[in-house]
Each structure stands twice: as structure tokens, then as C-alpha cells.
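What follows is a short report on a single structure.
Naming: A, B, ... by sequence-line order, numbering from 1 per chain. Just so we're clear, the structure is a prediction, and the values are computed from it rather than from any experiment.
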There are 2 protein chains.
Amino acid sequence: MFSRACEYGLRAALYLASLKHNGYVSIREIGERLNISVPFLTKIFQKLTQAGLMQSLRGPSGGVMFARSPEEITLFDVIVAIDGPDLFTECVLGLPGCGEAAPCPLHDHWKEVRTPIRDLFASTTLADMARRIQEARLRLTA
Amino acid sequence: MFSRACEYGLRAALYLASLKHNGYVSIREIGERLNISVPFLTKIFQKLTQAGLMQSLRGPSGGVMFARSPEEITLFDVIVAIDGPDLFTECVLGLPGCGEAAPCPLHDHWKEVRTPIRDLFASTTLADMARRIQEARLRLTA
DNA sequence: CCGTTTTAGGATAAATGTATCTCTAAGCCG
DNA sequence: CGGCTTAGAGATACATTTATCCTAAAACGG
């Protein structure tokens, strides 16, 4: 479904959102906390900052933090920033140019299920998830 | 969403189902018709035959054909034979052991959308698709 | 100002997925 | 039987993803 990078990015974003603490958090701390390779996670956060979702600061007491409120960042934003929009736009059979004009056999069926997927991710904010995590003590690590 | 191999396998299966002709069809013919690498497609059909969905015959007038009626083969069968069941079983965040007992934050949300996906593919047979293809002249190639 | 900490960015290595190649086995036909 | 055709199976390239490494660049603190 998602690339490994995207899974890591989602978990990291959910972890940050679930912290009371607002301010910079080092990527090393996040990686160690979630058992994710720190250098790889650094690359992922670069995508998130370049997409405008996060901001970063170097040096001691530096790290990453949200560029806007977690209330305003959706799971869809994170997914698209890392994996791109293909999952939500491309033909499920990989046919270039598949669309209403020249649909593949699965086009109509797939449309009915892709839209709910997109809506789910686009309507769920990091703050929503953070509340669920804190209330139900949900886990972000194995 | 699906691997390239799975996209190819679905297109090939839909192509075969849409043929009136029942009997062996050579993989070379399928590959050339759908613009898919013939050696790679051969590997994919090996998975489908090993999964019991197709049967094969070597030599002239050989090729591949369905092992059971296209009325009894679903898209789900093809997908699982090629990509495995992970898409329908594994945690969307990649957490091992995620389930009702120890759910990840997305578990419940995702369950609501994964089940419809699974149902869609599991309830659509190759024969269903073949009818749609013939009626609406839908395309399987770019 | 200099050493330390941290992210940024490019280059490199390992792993997986995609695609090709070669040889074998099976089936057809003369 | 002998030559041709086709799928099977293993080995080999190629591409992409995943993961690591190394050198900056920026920030802090003595």
C-alpha cells in the first residue's frame, strides 16, 4: 500500500503530534523511540520540511517541529509529501491515460473505493489521531 | 497499490477472459497483444499456474488457459496469487502484530476501508469483467 | 572563535523488484 | 527419431527502493 518511507513518516508524524511538548524534537530521539533508522528518517523529514509540513532547526536544541498546527495537517498531506499522489490518481492497472474518456475495465469499480480511501485520509488530521493515541494508549512501535 | 507484476497479471487474466476462444493461448501472443515483456509475463503465469488458477501446455498449440471457469475466479484470487495477501492482512503502518488486541492508531479507520476493497475484488469474477469489456469495448492496453 | 550538536545534501551500499538470458523439459509434426 | 515450438526454472542484468556514510552548513555554548 504505502512505501516503507511513508509508513515511517506517518508513524513519526503521529508520534510528534501525540507529544504534549511543542518545540523542536531531534530526529535521533524520534528514530530511537520508534525503532526507525535515524539516517533514513532524516531523509524522510527532509521531504516533509520541503513540502512545508515541518520546519527544522540545526544545532543543539534543534530538531523538527510542525510548520502549522496538527489540526491543519491531514494524513493525506503526509502521504502525498512522501509517496506522491499516484495512489490517488493513477490507474489501478497502470494504464497511462486511463480516465473517464478511455477507462480500463476496473476504472468504475475502483473509483468507488478509491474515493472513500482518499476521503478518509484527507479528513483525518494529525490532531485527531493524537487524541485517539492518548485516549486509547495506541502504539506506534512494535 | 499493486506491483507491476500484479498489474500485468490482472490485464492478462482479463484479456484471456474476454476472448470467446477457450483453449490454450500462447504467452507470446498475450504479451505482444498487451505490450508486456514476454519473459516477465511468463514468470507471472508460472505463479498463476502454481496457484491453480491456470493450466499450461508446452509445445506447438500449447500455452495457458484457465484451470477453472472464469465465473469461479475472482480478481482477489489473481492478486493474492501474485502479490500475496499482505495488502489485505498487514498493518497499514507496517507494525508487526497489529490487530484488535494491540491496534495501531490507524487500525480502526483502515479496517473500515480495507474491507470494502477486499469485498470488491473478492466479489468480482473474471467473467463479470469479461462481460463489461465486451459490452463497453474497454481497453486493456495503452 | 572554536568545538559540539544537529539537520542538509550528495555519494555510496545493500535489498528488493523488474526484466532478460540460457538451458531444460514437454509436446507436436514430419 | 529429429527438428521445431512452447512453458518451466535457474542464473544473470538493470532499476528502484531502502539504508548508510561522509562532508558540509547552521546553531549553540564554552
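One can place CD1 of A/I44 at 9 Å from C1' of D/dT18, the figure rounded to the nearest angstrom. In this entry the distance linking CE of A/M65 with C1' of D/dA27 reads 16 Å, nearest Å. If you measure from atom CG of B/D86 to atom P of C/dG17, you get 10 Å, rounded to the nearest angstrom. Atom CZ of A/R4 is separated from atom C1' of D/dA19 by 11 Å (rounded to the nearest Å). Straight-line distance from the NZ atom of A/K47 to the C1' atom of D/dT18: 11 Å, rounded to whole Å. One atom, CE of B/M54, and another, P of D/dT6, lie 16 Å apart when rounded to the nearest Å. Here the P atom of nucleotide D/dA7 and the CG atom of B/L41 are 10 Å apart, to the nearest Å. Between B/L48 atom CG and D/dA9 atom P there is a gap of 13 Å when expressed in whole angstrom units.
Taking 4.0 Å as the cut-off between side-chain N and carboxylate O, A/E71 and A/R131 count as a salt-bridged pair.
The shortest distance between side-chain heavy atoms of B/F88 and B/I117 falls below 4.5 Å. In this structure, A/L106 and B/L75 have side chains that are in contact, with non-hydrogen atoms separated by less than 4.5 Å. The shortest distance between side-chain heavy atoms of A/E7 and A/M1 does not fall below 4.5 Å. Within the 4.5 Å cutoff, side-chain heavy atoms of B/K20 are placed close to those of B/Q134.
Around atom CZ of A/R33, no more than 12 heavy atoms belonging to other residues, nucleotides or ligands sit under 6.0 Å away. Other residues, nucleotides and ligands contribute more than 12 heavy atoms inside 6.0 Å of the CG atom of A/D108.
Checking C/dT20, D/dT6, D/dT5 against every side-chain atom of B/P39, the shortest atom distance belongs to C/dT20. Comparing C/dT4, C/dG27, D/dA19 against the side chain of A/S37 picks out D/dA19 as the nearest. Which of D/dC28, C/dA25, C/dT7 sits closest to the side chain of B/R58 comes down to C/dA25. Proximity note for B/S56 (side chain, C-beta onward) versus C/dG9, D/dA7, C/dT18: the nearest is D/dA7.
An OP1 or OP2 oxygen of D/dG8 is reached within less than 4.0 angstrom by a side-chain nitrogen or oxygen of B/T49. At C/dG9, one or more side-chain N or O atoms of A/Q50 fall inside 4.0 Å of OP1 or OP2 (strictly under the cut-off).
For the segment residues 23-32 of chain A, the set of residues with a heavy atom within less than 4.0 Å of an atom of DNA chain C comprises A/S26, A/I27, A/R28, in numerical order.
In terms of position along DNA chain C, the nucleotide closest to A/G59 lies nearer the 5' end than the nucleotide closest to the other residue of the pair B/P60 and A/G59.
Counting atom types as modelled, B/K43 pairs no side-chain N or O with a base atom of C/dG17 as donor and acceptor under 3.5 Å.
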